[in-house]
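To find a chain, count down the sequence lines: A is the first, B the second, and so on, and within it residues start at 1.
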Amino acid sequence: MIKDYFLNEIETAIEKAIKDGKLGEMKEYTRGTLSTERPKNVDFGDFAINVSSLARHARIAPPMIANTIVSYIVPEDNEYSVIGGFINFKTGKTLLKNTVAEIFKKDKNYGKPEKVKTEKIILEYVSANPTGPFHIGHGRWAAMGSVLANLLKFYGHEVYQEFYINDAGSQITKLGNSLAIRVRQQLGEDIDFPTDETERKNFYPGDYLIPVAKKYIEINKLTSLATCGRGNECEGYFDAKRLSDFAKAEMERLQKELLENFRVHFDNFYSELTLHKSGKVEECVQKLKDSGKIYQKDGADWFKSSDYGDDQDRVIKKADGSNTYLTADIAYHIDKLERGFDRMINIWGADHHGYVARVKASIEALGYDPNKLEILLGQLVNLVINGNEVRMGKRKNMVTLDDLIEEVGVDATRFWMAMRNIDTTLDFDIELAKTNSDENPVFYVQYAHARACSILRNATEEKLNTETGEKTPAPLSKTELDELINSYNPETILPTIESAKKLILKLEEYKSMIKMSAETRQVYTICRYVQELASEFHSFYNANRVISDDKEMMKARLALVVAVKKVLNNALDILAVTAPERM
RNA sequence: GCGUGUGUAGCUCAGUUGGAUAGAGCGUUUGGCUACGAACCAAAAGGUCGGGGGUUCGAAUCCCUCCACGCGUACCA
């Protein structure tokens, strides 16, 4: 990376200067103490390093230090200048030229780090209950998770994507009971969910179970309740487990279908139920008991999570003998570790914040390293309709992810869900996401890609004058364009290198953006970057005509267009947003 | 109350780990197509970085303290 090159030049110079005793009382320099930054004012340079912090050790004024350091540097065709304690750097043609060449050479792998400590990562996200359709909040985790998976894979890690199905516990009973009511309704019985609020909480009164009920009736060939005479097999169709199993399977099917449609691909759906059946949950409880971390109180078993930094101890087996949600979750995380993953990354909604400490505590209590678990807490999503916030989380007014995608499309939904810092509450404005105007960043970016494609098409197409019927030959033959791309010569870009400097630097920034994004797990930086790159490209396009009579200039600019297209493609691939050829 | 996140331009948000005159997009105003897609570009106006203290050469950034809002604070999942 150019900034690393610059930093290395400076650090080498400092070491030489110290050796010569030119930096006053400074006797040694440890690499990494200085870092590059972006100058506030673009006129200063492309990158800058502030050496003021060395003044304390050297006991020399910062400008003097800066000048001394610069005097030890061979600038090649780059430019170094000193203002106060800042050393500014202007990138020369060689580095710019090499950047474009690198894009052509590495192509799909442009931006992938050379050497990186790769890990075997299990990324868990969405993990919704199979009790209903996804709401828009799930959409945020789905989008962010899948982008993060793509990014980490690109970065070099081995990533295994998993969805934990909460298919055990009381909510499944609730689901079965709710389906029973819907089925009876469909069969003509005058029955409805309780109106009393506390009783109603034992049901899922949403409409989404109606089609499920219809399907249940159809498959089982039920005609009416009346035909279920006493003693015949009809009762069997209202068996609680039979109903809940059916509803659960149906919900899972719909969820999986939606995820695929939303370009989210899990390697595995891990059922909580199988975890119980395998005996792994009991095994974990036993291990905790053996290590003396369990005690009894009020008829329940408590885990001493407070020994490991949790606020208080947690119940692990209720007084009625059943397990809590946490119990299975402990076993699940231990199972992940036993499957040999170096790192577990979970994306959880901020409403699960209280769970972090207790799960980490359990991992530590069982003798594993809690630092292997990295939990990304995402703030929730607010839906904005006509400028008014519609709070999510409440069952009423629930907008499903399905509805949202149908309304605004997969591309826009993915982009909007991924474009904000995970720490901020996301306002999803449906009207804005739907527009095809400048207000919508997705279209802005896609337009840049379509524009690049369009230029490349025009370069090799003959032009027809509609009035005279006259044909002008194509500015460039297809073979020439193929040759330009496939056996790219680094010198090609030179004619336009001055006018394209900002754009090339932005292309170069892709590498540091990827690094930063992968290391901080913040995927929104990719969305920002892609907008910035599109902006630089549009700007370049308006200022410089690509197709012209000056063939060398045209080739230079076409090469740049190809480079932009490649990088946009790579970035959009990670976002799993389409890069259209035409719009 | 405690824990946690947020507070930056009219709106939505960045701010690369403490540095130069505070940065974008939208919105507003002005200008740019008989030329590669104007779904675009160029420019202007717009700020007490929630308030108040502190740390130091230097703070939107670190510490303290208030204020406002979201989320959590179950033997629910």
Side-chain angles (χ1 to χ4, degrees), chain A residues 3 35-41 44 48 50 52-53 55-56 62 83-86 88 128-129 131 166 168-172 174 201 272 297-302 311-312 314-326 328-329 349-357 377-380 382 384 387 391 393 419-427 429 432 435-441 443-444 446-448 450-451 453-459 461 463 467 475 512-513 515-516 520 524-525 528 531-532 534-535 537-548 554 557-558 561 582-583:
Chain A
K3 65 175 184 178
S35 60
T36 56
E37 52 192 81
R38 193 80 54 78
K40 289 283 180 237
N41 187 334
F44 290 152
N50 187 339
S52 302
S53 60
R56 204 176 316 158
I83 303 173
F86 287 92
N88 293 307
N129 296 339
T131 54
N166 296 139
S170 59
Q171 82 277 13
I172 297 301
K174 257 167 79 172
K201 277 185 183 155
E272 180 188 344
K297 196 179 90 180
D298 304 332
D301 287 353
W302 294 71
D311 299 341
Q312 48 172 290
R314 306 292 170 180
V315 170
I316 217 162
K317 193 176 279 284
K318 299 183 230 171
D320 69 3
S322 62
N323 289 320
T324 58
Y325 176 75
L326 174 66
D329 224 20
D351 51 341
H352 285 69
H353 158 254
Y355 255 77
V356 178
L377 284 176
Q379 297 299 314
L380 306 177
N382 287 326
V384 177
R391 289 236 178 283
M419 73 188 275
R420 294 284 179 240
N421 188 319
I422 193 166
D423 288 334
T424 67
T425 313
L426 175 73
D427 284 328
D429 190 322
L432 225 56
T435 56
N436 298 11
S437 72
D438 7 357
E439 293 171 53
N440 194 339
F443 284 89
Y444 182 79
Q446 292 184 319
Y447 180 56
R451 176 173 257 178
C453 293
S454 168
I455 296 168
L456 293 171
R457 273 196 303 272
N458 286 330
E461 265 171 23
K463 210 174 165 187
E467 281 174 20
S512 40
M513 183 279 293
K515 183 169 187 284
M516 161 110 92
T520 62
Y524 76 92
T525 47
R528 289 189 66 80
Q531 289 177 73
E532 287 164 10
S535 172
F537 177 62
H538 286 310
S539 184
F540 175 85
Y541 170 89
N542 270 273
N544 304 281
R545 199 176 157 76
V546 177
I547 295 168
S548 69
M554 176 169 70
R557 290 179 175 161
L558 280 173
V561 171
R582 296 167 204 270
M583 288 173 74

Exercise. Between A/Tyr541 and A/Thr520, which is nearer to the 5' end of RNA chain B once each is assigned its nearest nucleotide?
Worked result: A/Thr520
For this session: Would you kindly compare A/Asp423 and A/Thr525 by the position of their nearest RNA chain B nucleotide and give the one closer to the 5′ end?
Result: A/Asp423
Report, one pair per line, the protein and nucleotides 30-32 of chain B atoms (nitrogen or oxygen only) whose separation is under 3.5 Å.
none

Under a 3.5 Å cut-off for both distances, is [N] Watson-Crick or wobble paired, and to whom?
{"N": "B/G47", "result": "none"}
{"N": "B/C57", "result": "B/G19"}
{"N": "B/G1", "result": "B/U73"}
{"N": "B/C33", "result": "none"}
{"N": "B/U6", "result": "B/A68"}
{"N": "B/C11", "result": "B/G25"}

Exercise. Looking only at heavy atoms, what is the nearest atom pair of A/Ala328 and A/Glu272, with distance?
Worked result: CB-OE2, 3.5 Å
For this session: Locate the shortest heavy-atom distance separating A/Leu380 from A/Gly349; write the atom from each residue and the value.
Result: CD2-CA, 4.4 Å
Quick one: does any side-chain atom of [X] pair with a main-chain N or O of [Y] as donor and acceptor, under 3.5 Å?
{"X": "A/Asn544", "Y": "A/Phe540", "value": "yes"}
{"X": "A/Gln171", "Y": "A/Asn166", "value": "yes"}
{"X": "A/Arg420", "Y": "A/Thr425", "value": "no"}

Nearest listed nucleotide, side chain of [X], among [options]:
{"X": "A/Tyr447", "options": "B/A20, B/A14, B/A38", "result": "B/A38"}
{"X": "A/Asn88", "options": "B/G70, B/A20, B/C36", "result": "B/A20"}
{"X": "A/Val546", "options": "B/C13, B/C41, B/C36", "result": "B/C36"}
{"X": "A/Phe44", "options": "B/A20, B/C13, B/C36", "result": "B/A20"}
{"X": "A/Gln379", "options": "B/C40, B/U16, B/G70", "result": "B/G70"}
{"X": "A/Ser35", "options": "B/C41, B/A39, B/U17", "result": "B/U17"}
{"X": "A/Asn458", "options": "B/C36, B/G70, B/C40", "result": "B/C36"}

Rounded distance [0.5 Å steps], [atom1] in [X] versus [atom2] in [Y]:
{"X": "A/Arg457", "Y": "A/Ile455", "atom1": "CZ", "atom2": "CD1", "result": "10.0 Å"}
{"X": "A/Asn421", "Y": "A/Leu426", "atom1": "CG", "atom2": "CG", "result": "11.0 Å"}
{"X": "A/Leu377", "Y": "A/Asp423", "atom1": "CG", "atom2": "CG", "result": "8.5 Å"}
{"X": "A/Met516", "Y": "A/Thr525", "atom1": "CE", "atom2": "OG1", "result": "7.0 Å"}

Exercise. By side-chain hydrogen bond (donor to acceptor under 3.5 Å, both in side chains), which residues pair with A/Ser52, not counting sequence neighbours?
Worked result: A/Asn50
Problem set entry | Syn or anti for B/U21 (syn when the glycosidic angle lies within 90° of 0) | anti
Could you give the [atom1]-to-[atom2] distance, from [X] to [N], as a whole number of Å?
{"X": "A/Arg420", "N": "B/A14", "atom1": "CZ", "atom2": "P", "answer": "6 Å"}
{"X": "A/Asn421", "N": "B/U8", "atom1": "CG", "atom2": "P", "answer": "14 Å"}
{"X": "A/Phe540", "N": "B/A42", "atom1": "CZ", "atom2": "P", "answer": "13 Å"}
{"X": "A/Leu377", "N": "B/U6", "atom1": "CG", "atom2": "C1'", "answer": "14 Å"}
{"X": "A/His538", "N": "B/A43", "atom1": "NE2", "atom2": "C1'", "answer": "19 Å"}

Exercise. What does nucleotides 72-77 of chain B look like as a protein-contact string, B for base, S for sugar-phosphate only, - for none, at under 4.0 angstrom between heavy atoms?
Worked result: S--BSB
For this session: Establish, with yes or no, whether the OP1 or OP2 oxygen of B/A38 is under 4.0 angstrom from a side-chain nitrogen or oxygen of A/Arg451.
Result: yes
For this session: Can you tell me, in whole Å, how much space there is between the P of B/G47 and that of B/A24?
Result: 15 Å
Exercise. Quantified in whole Å, what is the C1' atom distance between nucleotide B/U6 and nucleotide B/A44?
Worked result: 32 Å
For this session: Find out whether the Lys NZ or Arg CZ of A/Arg451 is both under 6.0 angstrom from the six-membered ring centre of A/Phe537 and within 45° of the ring's axis.
Result: no
Exercise. May A/Phe86 be described as stacking on the base of B/A20, applying a 5.5 Å centroid limit and a 30° limit on plane angle?
Worked result: yes
